[in-house]
Amino acid sequence: MNTPQSSQGQARVRIWQLPTGVPGLDEILGGGLPEYSFNIIAGAPGCGKTTLAHQIMFANATPEAPALYFTVLGEPAIKMLRYQQQFEYFDQSKLDGSIRFINLSQLVLDEDLEAVLVAIIKEVEQSNAKIVVVDSFRTVVRRTQARPNDMALQGFVQRLALHLTGCQATTFLIGEYVEGELLDNPVFTVADGLLWLYQSIERNSIVRKMQIIKLRGQESVPGMHTFRITDGGLQAFPRTFGLTEAPSHVKGGRRLSTGIPKFDKLVLASQFIAEGLSKGEPGVIAIFEELPAEYARRAATLGMDLITPQKDGSLKIIYIRPLDLSVDETVHAVIDAVSKIKAQRVVLDSLVGFEMALAPDYRHEFRESLYRMIVALTRLGVTVVSTVEVEENFTSMGLSNYAISFLSDDIVRLRYVSINGQLRKMLVAVKMRGSQHSIDMWEYTISSNGVVIGERLRGYRGLTTGIPGPWSSESGQNEPASQPEHPEER
């Protein structure tokens, strides 16, 4: 193994990293937790601090590298374990030699900080513990706050950190802090890492986020990251999911068929799940407005079999509809499905449903988050098609309500037009990045065979308004010369 070198060619000390056992969190941290680091897990009550500490502890504790969990005036260990054992990461066998719980409550009530320090160091040295958790460290400080000043408290924390680092232990102090304390609390000055957990209520939704405010020795991913507490414990959803590695595919290297020959002639490039399946290309459909079974049944009425491919594993239809959804969770769910079946095609149906499924806290950043999502998927070599419902007013032809057309390589606009007292369907290729495409407007219908492309709409003016009129000499316009039809487009 090569030793890291500095810019001056001098060997640098290698900082090893511990896995957190929390899906997604290692990526946010930049690879894992720095070994022997002195960390604080902070946040308001109920945001998941204790669960996170337990998850990290169970992921790393072994008989050779045991863990000590100090409790202070909080839940007794027996009660705490009763709840923690409901999580999948809980391993009963580790309570016999790998993990030990010690209650410091009476010591904190009767003695001072010096006695607490001596007791912790003694237990760590005797057990050779490599993971140390103090829950809640804030309780220790509150109990003794009337006696020591800030300098005494900082001295205590520095000595604790020095001793535990010297014992080669990775430490976590859990505390119910508020952000206003960041500026003047000496505990945060000494810490190597500061993980802050948040929980907020937006209307009827609960949103959980975390932020790595401080992490010495390595580069973490900045900003707020969504996390969720499930049966498996915490699961984090990095904001840069799929963007931290170099892309393995070059976008636009080949063109995919939709399965509608005339439509392919129209735009020269597109993507359609059913056609991909017929060519042996697995696909993923992310839906937000109906259940997978309903989606598949509706597709069957249009001549597409989406049931058999789900059974043989070449298609995944994922339904994402919690009302407190985050974009990062959606990216994670879609990319996870893509990875499992090695999908080459993805459909997002639809962006309007996607936005409505988001927790209110995320909707204001929908455009930015959608950009990250599309980039993450295309960097995997996946062709993505998304649908967008547009409000029609029959006076203009908008492309979307989100001002996101810049994200798209290709745009196909579908709309109704009123012709001869009939409401008819029209489509046109508006954009095809890097390629030529037809500029004609086409009528189409939807039948039991799917989408059927009809004739070019000729002899009308104002088609994009939705209320066209005939071309005539009276209108001051000459009817455009018709272009020859190509038999192969029929």
[X]: what forms a ring pair (Phe, Tyr, Trp, His ring centres under 6.0 Å) with it, not counting sequence neighbours?
X	value
Phe90	Phe58
Tyr69	His54, Phe101
Phe188	Tyr177, Trp196

Is any side-chain heavy atom of [Y] closer than 4.5 Å to one of [X]?
X	Y	value
Lys209	His225	no
Val382	Val384	yes
Leu33	Trp16	no
Lys130	Asn60	no
Ile41	Leu173	no
Ser127	Leu68	yes
Phe237	Leu25	no
Ile317	Gln310	yes

Look up atom [atom1] in [X] and atom [atom2] in [Y], then write down how far apart they are to the nearest 0.5 Å.
X	Y	atom1	atom2	answer
Leu380	Gln344	CG	CD	12.0 Å
Ser339	His332	OG	NE2	9.0 Å
Ser220	Leu215	OG	CG	5.0 Å
Leu306	Lys311	CG	NZ	12.5 Å
Leu95	Gln85	CG	CD	9.0 Å
Ile121	Gln126	CD1	CD	11.5 Å

Looking at [Y], is its backbone amide N or carbonyl O close enough to the side chain of [X] to form a donor-acceptor pair, meaning the two atoms are under 3.5 Å apart?
X	Y	result
Lys214	Thr189	yes
Thr165	Leu162	no
Lys49	Gly175	no

Decide side chain to side chain contact (heavy atoms under 4.5 Å, CB included) for Thr71 and Met80; before the verdict, give the C-alpha distance in whole Å, the side-chain angles of both, and the deciding distance to 0.1 Å. CA-CA 10 Å; Thr71 60; Met80 186 184 301; 3.9 Å; yes

Suppose the criterion is ring-ring contact (aromatic ring centres under 6.0 Å, His included): which pairs have a residue in residues 17-51, not counting sequence neighbours? none

If you count every heavy atom of other residues, nucleotides or ligands that lies below 6.0 Å from [X] atom [atom1], does the total exceed 12?
X	atom1	value
Arg82	CZ	no
Asp312	CG	yes
Ile201	CD1	no

Atom of [X], atom of [Y] and distance for their closest heavy-atom approach:
X	Y	result
Gly233	Tyr89	CA-CE2, 3.9 Å
Ala59	Thr20	CB-O, 3.8 Å
Asn39	Thr170	ND2-CG2, 4.0 Å
Asn128	Glu64	ND2-O, 4.2 Å

Charged N-O contact under 4.0 Å between Arg100 and Glu123: yes

For a quick check under 3.5 Å, do [X] and [Y] share a side-chain donor-acceptor pair by atom type?
X	Y	answer
Arg208	Gln199	yes
Gln218	Gln17	yes
Thr50	Asp135	yes

If a pair satisfies salt bridge (charged side-chain N to carboxylate O under 4.0 Å, His left out) and one of its residues is in residues 155-175, list it, with sequence neighbours excluded. Glu114-Arg159

Using the side chain to side chain contact (heavy atoms under 4.5 Å, CB included) rule, take Arg216 and Ser37 through it: C-alpha gap first, then chi angles, then the decisive distance, then the call. CA-CA 8 Å; Arg216 289 184 176 136; Ser37 58; over 6 Å; no

Side chain to side chain contact (heavy atoms under 4.5 Å, CB included) involving Leu195 - partner list, sequence neighbours excluded: Leu52, Ile212

Would you please test Met224 and Tyr198 for side chain to side chain contact (heavy atoms under 4.5 Å, CB included) and show each step? CA-CA 9 Å; Met224 293 286 195; Tyr198 304 85; 3.6 Å; yes

The test is side chain to side chain contact (heavy atoms under 4.5 Å, CB included); show your working for Ile131 and Thr171 and say whether it passes. CA-CA 6 Å; Ile131 300 289; Thr171 305; over 6 Å; no

